[in-house]
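What follows is a single structure, written as structure tokens, with notes after it.
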Amino acid sequence: MERHPHPHDARARLLALTETGRAATRAADQAARAAVAPWREVLGQARFSELVADLTLLAPPGPIRPAW
């Protein structure tokens with residue numbers, strides 16, 4: 001992460017990913033796609049899309065936080 005001054009509010013800072021951060025994000029996205037690729041293969045695209053929709057309904061809103 002990089003911190004930059006906000007162009008209109010001297011009290012605020014803007015956060016931006018560095019190139020390393022963007023690369024890590026891309027790697028995590030690729031790993032997530034690879035992890036569920038077998039599910040998509042077994043279920044087929046239509047049923048996989050239904051599964052994603054069903055899981056989205058069950059997921060809590062907002063970021064997932066530890067329960068402790």
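Because the structure is predicted, anything quoted here is derived from the model rather than measured.
Taking a cutoff of 4.0 Å between a charged side-chain nitrogen and a carboxylate oxygen, Arg26 and Glu19 qualify as a salt bridge.
For Asp9, the side-chain contact (heavy atoms from CB on, under 4.5 Å) criterion is met by His6, Arg11, Ala12, not counting sequence neighbours.
In this structure, Leu58 CG and Asp54 CG are separated by 7.0 Å, a value rounded to the nearest 0.5 Å. In this structure, CD on Gln45 lies 10.5 Å from CD on Glu50, to the nearest 0.5 angstrom. Taken to the nearest 0.5 Å, the CG atom of Leu15 stands 10.0 Å off from the CD atom of Glu2. For the atom pair Met1 CE and Thr20 OG1, the distance stands at 12.5 Å (nearest 0.5 Å). One finds the CG atom of Leu43 at 6.5 Å from the CG atom of Leu51 (value rounded to the nearest 0.5 Å).
Within a 6.0 Å radius of CZ in Arg3, other residues, nucleotides and ligands contribute 12 heavy atoms or fewer.
The hydrophobic clustering, which links ILVMFWY residues whose side-chain heavy atoms are closer than 4.5 Å, places Leu14 and Leu17 apart.
Put simply, the side chain of Val42 does not reach to within 4.5 Å of the side chain of Phe48, judged on heavy atoms.
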